[in-house]
Amino acid sequence: MIERKYFGTDGVRGRVGQFPITPEFAVKLGWAAGRVLAAKGTNRVLVGKDTRVSGYMLESALEAGLAAAGVGVDFLGPMPTPGIAYLTRTFRAAAGIVISASHNPYYDNGIKFFADNGHKLADTVELEIERLLDEPMECVISEELGRANRINDAAGRYIEFCKSVFPNEMTLEGLHIVVDCAHGATYHIAPNVLRELGAEVTEIGTQPNGLNINKDCGATHLTALQNKVLETKADLGIALDGDGDRIMMVTENGRPIDGDEILYMLAVTAQNQGQLQGGVVGTLMTNFALEKELDKRRIPFVRAKVGDRYVIEELVKRDWYLGGENSGHVINRQHHTTGDGIVAGLQVLAAMYQEQKSLEKLSCDFHKLPQVLVNVRFDSNKQPIESANVKSAVRDVEKALAGSGRVLLRKSGTEPLIRVMVEGENEAKVKAFAQQIAKEVEAPTN
């Protein structure tokens, strides 16, 4: 496998003003991507962004690079990542470019790509773009320069798509929903989708100012949503992240619902309705309880590497529909090519309608096992996971868990950290087991 120089598992991401999230690099990236796309015979791409102040700078820089390569740009303005994937397909564009750092703070940003079919770019295409990034930049002649255009009805088009995944015979009338848009890309979309389907909506996190995206709100900070649900006596709450591809939920009692619980509810409801195709794909971090509960119901379950990209690859390979991560990426290939927080929320609401249950009752049969994660910094010149002492400690813990829990050690992809994860039925024991293994990982001999 060729190691990527610029692209991570989800595009290019970093601190604004520091390489590679600089205007100079964005111009070159736009040019390189434009050259690769133009070679395929297409010459228009869509560009959307979340609400970070740096999005203005990066979209201008990308447009300049793309134009120099002879590729035109249709600007979408603030638009959720899954909305850009959807519009890329419907506009028959060569690609969709997303300017977002998802759930990160405002001072980070990123650039990622969707192919014309709404899926992430193929590895071969990303590698060709990387190759060109190291080549001198050249400009096409004036007659061939790309032009820029703005699509003014992009939000409306995506709202109609989201509504289309909610069955026509169902309604949200009678439901009071609090929605937290994290001051991000869904601020002008998610509340309208829910209202147009009949719900009474209380909205928070819908006043973006360029600097408040994900700040103490949204899918990574549920306290504001929990408080608002309890204060307004709402039926449930929905929290989205800055670019709208993650979802967390809150029951009427203020109890948080994560991606694993959402997958459980969707899988069981689909099975009850005879609509489940195949099984469910999770990740290495998916709670062991989900695997056990699905097994009880004879629903196949497999784990992919951490990252929605790998979940989708596994779903496509097996021709299954449903997969996701505990962090809130939930994918249903029956409706979309990527994780979509609004669509996943509507699927849960449809499940509540079909089962005639509240969110609390729909989720109450599933109880996550306590999961403890300890991050251990290590010398990058050493391989602690391969240490005999570490392996022995892992074997001892697995023996003590006796099949009622799980141990996972994995390296961070961005820092010199070993992530030690232990799951089990007894939280105190799980914490002690995790510390026991972590102690061996950080031992000097490793």
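Annotation: the span from Y106 atom OH to H183 atom NE2 amounts to 14.5 Å, rounded to 0.5 Å. Rounding to the nearest 0.5 Å gives a distance of 11.0 Å between SG of C364 and CG of N253. Separating the CG atom in L194 from the CG atom in L175 is a distance of 9.5 Å, to the nearest 0.5 Å. Note that the CG atom of L322 and the CG atom of N332 stand 5.5 Å from one another [nearest 0.5 Å]. E126 contributes atom CD, which lies 5.0 Å from atom CZ of F7 (distance to the nearest 0.5 angstrom).
Screening N287, N326, D258 against K368 for a side chain to side chain donor-acceptor pair (under 3.5 Å) leaves a single residue, D258.
Evaluation of the ring-ring contact (aromatic ring centres under 6.0 Å, His included) test over residues 329-362, restricted to residues two or more places apart or in two chains, returns F161-H336. Among residues at least two apart or in separate chains, there is no ring-ring contact (aromatic ring centres under 6.0 Å, His included) pair with a member in residues 290-321. Within the structure, the side chain to side chain donor-acceptor pair (under 3.5 Å) test picks out the following pairs touching residues 168-179 (sequence neighbours left out): H176-T202. For residues 224-233, no pair satisfies side chain to side chain donor-acceptor pair (under 3.5 Å), with sequence neighbours left out. Sorted by first and then second residue, the ring-ring contact (aromatic ring centres under 6.0 Å, His included) pairs with a member in residues 245-281 read Y264-F366; sequence neighbours excluded. Applying the side chain to side chain donor-acceptor pair (under 3.5 Å) test to every pair with at least one member in residues 51-72, sequence neighbours left out, gives these pairs: K49-E59, D50-R52, S54-N109. The side chain to side chain donor-acceptor pair (under 3.5 Å) analysis of residues 206-223, with sequence neighbours excluded, yields the pairs E203-T206.
By the side-chain hydrogen bond (donor to acceptor under 3.5 Å, both in side chains) test, S102 pairs with D241, D243, sequence neighbours left out. Residues satisfying the side-chain hydrogen bond (donor to acceptor under 3.5 Å, both in side chains) criterion with R35, sequence neighbours excluded, are absent altogether. R13 pairs by the side-chain hydrogen bond (donor to acceptor under 3.5 Å, both in side chains) definition with nothing, not counting sequence neighbours. Every residue two or more places apart in sequence or in another chain was checked for a ring pair (Phe, Tyr, Trp, His ring centres under 6.0 Å) with F166, and none qualifies. Partners of S363 according to the side-chain hydrogen bond (donor to acceptor under 3.5 Å, both in side chains) rule, which considers only residues two or more places apart in sequence or in another chain, are R255.
Taking a 6.0 Å sphere around CZ of R92, one finds it holds 12 or fewer heavy atoms contributed by other residues, nucleotides or ligands.
Using a 4.0 Å cut-off between charged nitrogen and carboxylate oxygen, D308 and R246 do not count as a salt-bridge pair.
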